[in-house]
Structures are given as C-alpha cells and as structure tokens.
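The structure presented is a predicted model; accordingly, all values stated were derived computationally and were not measured. The chains referred to below are lettered A, B, ... by the order of the sequence lines, with proteins before strands, and numbering in each begins at 1.
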Number of protein chains: 2
Amino acid sequence: MLPSSTVENYLKAIYLGAGALTPPSRLVPMGQLAGALGVAPGTATTMVKTLAESGLVEYEPYAGVALTKAGQKLAALVVRRHRVIEMFLVRMMGYGWDEVHDEAEQMEHVVSDRLIDRMDEMLGRPEVDPHGDPIPTPEGIVKPQPMQSLLTCPLATPVTITRVIDQDKVFLRFIEKHNLKPGESIEVEARDAASDSVRVRGRDEQRITIGTKAASKLLVQAR
Amino acid sequence: MLPSSTVENYLKAIYLGAGALTPPSRLVPMGQLAGALGVAPGTATTMVKTLAESGLVEYEPYAGVALTKAGQKLAALVVRRHRVIEMFLVRMMGYGWDEVHDEAEQMEHVVSDRLIDRMDEMLGRPEVDPHGDPIPTPEGIVKPQPMQSLLTCPLATPVTITRVIDQDKVFLRFIEKHNLKPGESIEVEARDAASDSVRVRGRDEQRITIGTKAASKLLVQAR
DNA sequence: GTCCACATTTTGATGAGTCAAAAATACAGT
DNA sequence: ACTGTATTTTTGACTCATCAAAATGTGGAC
C-alpha cells in the first residue's frame with residue numbers, strides 16, 4: 001500500500017502547515033490546504049476524508065485536519081527526500097539554491113530510500129538543506145530548531161542567518177544578492193512599525209531595509 | 001501538452017520493440033505491447049488508439065503499431081533519460097549494474113532535461129550505458145551500432161563484449177560472475193545446435209557453456 | 001439573539017487509465 | 001472453401017483525482 005504522489009503531497013502540505021507563515025497550529029483549515037495544493041476546496045475535503053479512513057490524518061469537519069502518528073512519519077519521510085535531493089542538487093550537481101525546488105518536488109515521489117541514503121551519505125549526513133530547512137532523519141525525526149526571525153531577535157546584536165522560509169525564486173535571488181543567505185552574520189539595527197520595515201546591517205557594513213513580511217522569513221540564531 | 005508517464009511508457013515500449021528479442025520489425029503487435037507493459041490487451045488497444053490521434057504512433061488494426069517521427073523522438077528522449085540515469089547511478093552513486101533498472105524506470109519520467117544534461121556532462125557524455133545500450137543524443141539520435149551476437153560472430157576469433165540485452169537481475173549477476181560484462185575479451189569456441197548451447201572462452205582461459213537464448217543476449221564486436 | 005458573509009461540504013460530472021469478458025477478426029490447416 | 005484457434009477489438013464497469021456549483025454550517029457584527 002505505498003501512497004500515491006497525491007497522498008504524499010497532501011501529507012506533506014499538512015505537515016508543513018499548508019504554507020502558513022504562522023507557527024503550525026494543530027489543525028490546518030481546509031481552505032489553506034486546498035490553496036497550498038492548488039486544488040478546489042471540495043477536492044481537499046474529499047481527499048482528506050479518504051486519508052482519515054486510512055488512518056493518516058485526523059479530520060474534524062468544519063475545523064480542519066491534522067496528521068496522525070503514521071501520517072507524520074510518512075510526511076516527514078517525504079520532506080526528508082525533498083530536502084536531501086535539494087542538498088544533493090546544490091552540492092553535487094551545481095544547481096543554484098533558487099533552482100532546486102521544482103526538480104526536488106518531482107523527484108521526491110519516485111526516488112528510493114536507498115538512493116536517498118546514498119545521497120545523504122555523499123553529503124556527509126547534513127542536518128539542514130540549502131535553505132536551512134532541517135532534514136528529518138530516516139526515522140522521521142527533526143531536531144527541534146530554537147529560532148527567532150529578524151522580527152523577534154534582539155536589536156544591535158550579532159546573529160547568524162540560519163534559514164530562509166520561502167521557495168520563491170525571485171525572493172531567493174534577492175536574498176542571495178544582498179548576502180543574506182544562511183551562514184551570513186548580520187545585525188538588526190532597527191525596526192519600524194510605521195514603515196513596516198526592518199533595517200539590517202550585513203556583511204561589509206552593507207545596509208539594507210526590508211519589509212516585515214520578508215524579515216519574518218529570515219530566521220537567525222544568536223552568536 | 002507534456003506526455004504522462006503512461007504515454008512515455010507506451011512510446012518507450014514500442015521504441016524498444018516491446019521486448020522482442022528479434023530485430024525490431026516495423027509493426028509491434030498489440031499482444032506483445034500489452035505484455036511488455038503488463039496491461040490487459042484491450043487496454044493497450046485503447047491507449048494506442050489515443051496515441052494515434054495525438055500523432056505519436058501509426059496504428060493498423062489487427063496488425064500492430066509503429067512510432068511516427070514525433071513518437072520516435074519522444075521515445076528516444078525517454079530512453080536517453082533512462083540510460084543516462086543508469087549510468088549516473090552506477091558511476092557516481094555506487095550502484096551495481098544489476099540494481100539500476102527499477103530506479104531509472106521511475107526517475108526517467110520526472111527528471112528534467114537540465115538535470116539529465118548535468119549528469120551526462122559529469123559522466124563525460126558517454127555513448128553507452130552500463131549494459132552497453134546506446135544512449136540517444138538530446139536530439140533523439142542513436143549512433144547505429146554494427147553488432148553481432150555470440151550466435152552470429154565468427155568462431156575462434158577474439159571479440160569484445162559490448163552489450164548485454166537483458167535487465168534481469170539474476171541474468172546480470174550471472175554475467176558479472178563469469179566475467180562476461182561489456183568490455184571483456186572472449187572467444188566463441190563452439191556452437192552446438194543439438195544441445196542448444198554455446199561454449200565460450202573468457203578471461204584467464206575460463207570456459208563456460210551457455211544456452212543459445214542467453215548467448216543471443218550478448219552482443220560483441222570484432223577486435 | 002439575528003443575520004450575513006465566508007468557509008466548508010455535498011453533489012453530479014469529467015478524464016485518464018485500467019480490467020474482465022464478450023464479440024469480432026485473421027489466418028493456418030485441412 | 002471451411003473451420004478452429006489465437007489474437008485483437010469492443011463493451012461495460014471501476015478507481016482515482018479532480019472541478020463547478022449548489023447546499024450547508026460557523027462565527028462575528030450588530
């Protein structure tokens with residue numbers, strides 16, 4: 001009973017909170033799920049009911065859907081495949097970090113666990129992918145990442161960018177261009193609610209001001 | 001209108017003569033096609049009629065099916081992807097040549113042309129895959145391979161094994177074990193119709209007798 | 001409390017790909 | 001020519017995943 005690509009995509013979307021930028025709450029609303037998958041709302045409802053019958057999700061009508069233990073594990077493995085593949089494409093195949101998403105999206109459903117492990121081995125068993133997203137273990141476990149965003153970290157304090165939560169090519173290229181990729185050391189100089197912006201001092205005293213929406217997608221760790 | 005995996009599989013099967021060991025004749029019979037794809041005969045008929053409407057094959061009821069120019073190109077590209085992937089798995093990922101078929105079978109339908117080209121580049125643009133099967137160019141062209149099998153090559157004459165036409169794990173392992181992989185130098189000592197067998201002298205004076213069916217799957221070139 | 005806007009679920013239908021079994025066809029052998 | 005066997009096509013039905021649009025439920029504004 002290997003799950004179809006479709007099932008894997010639903011589980012993955014629920015696992016990732018269906019693209020919610022807010023902390024993944026317990027229940028993912030149907031609308032959000034349908035949106036994340038690019039299907040009509042009714043389609044998501046139907047599919048989720050099927051998944052519930054297979055014991056992969058818990059479904060509360062009119063409230064939303066959450067993964068069961070089994071569903072979580074399956075989803076984590078899909079995400080693992082995705083992220084290992086992304087890492088492999090960047091490190092071994094010369095892809096840019098903004099070019100790997102679609103390719104990984106396709107491959108994650110067909111590549112064997114064996115090949116994933118080979119890739120993982122060649123990569124030195126990395127803990128995160130090129131975007132800083134954590135790679136679940138083969139058992140489906142993710143090391144919890146205590147993190148803050150540019151919106152919540154202390155001001156005027158050196159921090160390291162560890163993760164960029166957005167797969168949009170244009171955004172990623174912007175981040176790269178301004179040296180804000182994972183690994184870079186920066187400092188948040190100021191936040192301004194009125195102008196909805198955050199001023200950052202990056203490498204070589206470079207200053208850049210970005211919107212709060214963008215700032216919320218950059219996660220950092222104290223240094 | 002990118003073709004589905006199913007369409008690609010039908011085209012590939014027709015391209016490869018649906019597993020016929022005989023030289024790929026013009027028309028592939030429906031039964032053979034259905035057999036190669038593991039579907040019911042009626043299913044193949046239905047699908048082939050659809051393919052004919054898309055202009056990918058020419059279909060002669062009760063006679064069989066053949067690829068059009070367009071179908072040939074598409075099929076060749078699928079085969080190209082398959083063989084480049086096989087080569088990549090063996091050379092770069094540490095797979096055995098008997099272990100790559102299923103993985104490539106899955107990946108060939110999802111991997112982008114870009115990734116295939118990257119692999120091809122890393123491999124030094126090989127002309128054949130680990131089994132000696134020729135790799136079509138990105139334009140879908142295969143260099144014609146003038147070849148004989150162990151059944152047709154001259155006796156007591158040194159030849160080089162260039163290709164093994166069978167993906168069966170057990171057979172491939174047998175071939176490997178007896179040093180009959182592509183690249184090996186051998187000599188056919190005798191053929192015997194009565195016993196349906198061929199005696200071969202391989203590396204280090206090693207003798208081995210194989211059936212004619214097996215012998216027909218080993219292609220060689222004069223040296 | 002009532003009502004309304006919005007999210008969600010239901011309903012009926014569609015397309016792709018498949019099967020089993022019945023009907024039709026081709027062709028080899030007499 | 002005729003008949004029987006093997007192959008092929010047709011038929012009717014099924015599953016999966018989807019949509020559009022109608023029906024229904026939920027929760028906030030007043």
Side-chain angles (χ1 to χ4, degrees), chain A residues 1-14 17-20 22 25-66 71 74-75 78 105-106 108-110, chain B residues 1-14 17-20 22 25-66 71 74-75 78 105-106 108-110:
Chain A
M1 296 296 119
L2 54 156
S4 68
S5 295
T6 307
V7 168
E8 289 188 343
N9 278 330
Y10 275 84
L11 295 179
K12 186 178 62 159
I14 299 166
T22 56
S25 54
R26 217 183 75 68
L27 285 179
V28 176
M30 285 303 158
Q32 201 142 47
L33 181 59
L37 291 164
V39 299
T43 305
T45 300
T46 311
M47 193 63 203
V48 161
K49 284 206 275 192
T50 316
L51 293 178
E53 279 177 14
S54 316
L56 294 170
V57 303
E58 245 157 278
Y59 169 50
E60 290 187 33
Y62 294 100
V65 61
L74 235 49
V78 177
E105 200 74 21
Q106 291 299 121
E108 68 188 7
H109 304 297
V110 304
Chain B
M1 295 301 117
L2 54 155
S4 69
S5 295
T6 306
V7 168
E8 289 189 342
N9 279 331
Y10 275 85
L11 295 179
K12 186 178 63 160
I14 298 166
T22 56
S25 54
R26 219 184 72 70
L27 283 180
V28 176
M30 286 300 158
Q32 201 144 43
L33 181 59
L37 291 165
V39 299
T43 305
T45 299
T46 310
M47 192 63 203
V48 162
K49 283 205 274 192
T50 315
L51 294 178
E53 281 178 12
S54 315
L56 293 170
V57 303
E58 245 158 280
Y59 168 52
E60 290 187 34
Y62 293 100
V65 63
L74 236 48
V78 177
E105 200 73 21
Q106 290 299 121
E108 67 187 6
H109 304 296
V110 304

Atom pair NZ (A:K12) and CD (A:E105), whose distance is rounded to the nearest 0.5 Å: 3.5 Å

Residues two or more places apart in sequence or in another chain: which of them pass side chain to side chain contact (heavy atoms under 4.5 Å, CB included) with A:Q106? B:V110

Of all residues at least two apart in sequence or in a different chain, which pass the salt bridge (charged side-chain N to carboxylate O under 4.0 Å, His left out) check with A:E58? none

Is B:P3 close to B:L74 at the side-chain level, that is, under 4.5 Å between some pair of heavy atoms? yes

List the atom of [X], the atom of [Y], and the distance in Å for their closest heavy-atom pair.
X	Y	value
A:L11	A:G71	CD1-O, 4.4 Å
B:E108	B:E8	O-OE1, 4.2 Å
B:R26	B:A66	O-CB, 3.4 Å
B:L33	B:A13	CD1-CB, 3.7 Å

Between which nucleotides of DNA chain C, 5' to 3', does chain B make heavy-atom contacts below 4.0 Å? C:dG17 to C:dA26

Going by atom type alone, with no hydrogens or angles, which donor-acceptor pairs under 3.5 Å involve a side-chain atom of residues 34-53 of chain A and a protein atom two or more places apart or on another chain?
| unit_1 | atom_1 | unit_2 | atom_2 | d |
| --- | --- | --- | --- | --- |
| A:T45 | OG1 | A:P41 | O | 3.3 |
| A:T46 | OG1 | A:G42 | O | 2.8 |
| A:T50 | OG1 | A:T46 | O | 3.0 |

Quick tally for nucleotides 8-18 of chain D: nucleotides whose base has a protein heavy atom under 4.0 Å get B, sugar-phosphate-only ones S, the rest -, giving SBB------SS

Enter the inter-axis angle for the ends of the helix from C:dG1-D:dC30 to C:dT30-D:dA1 (five pairs per end, rounded to 10°). 10°

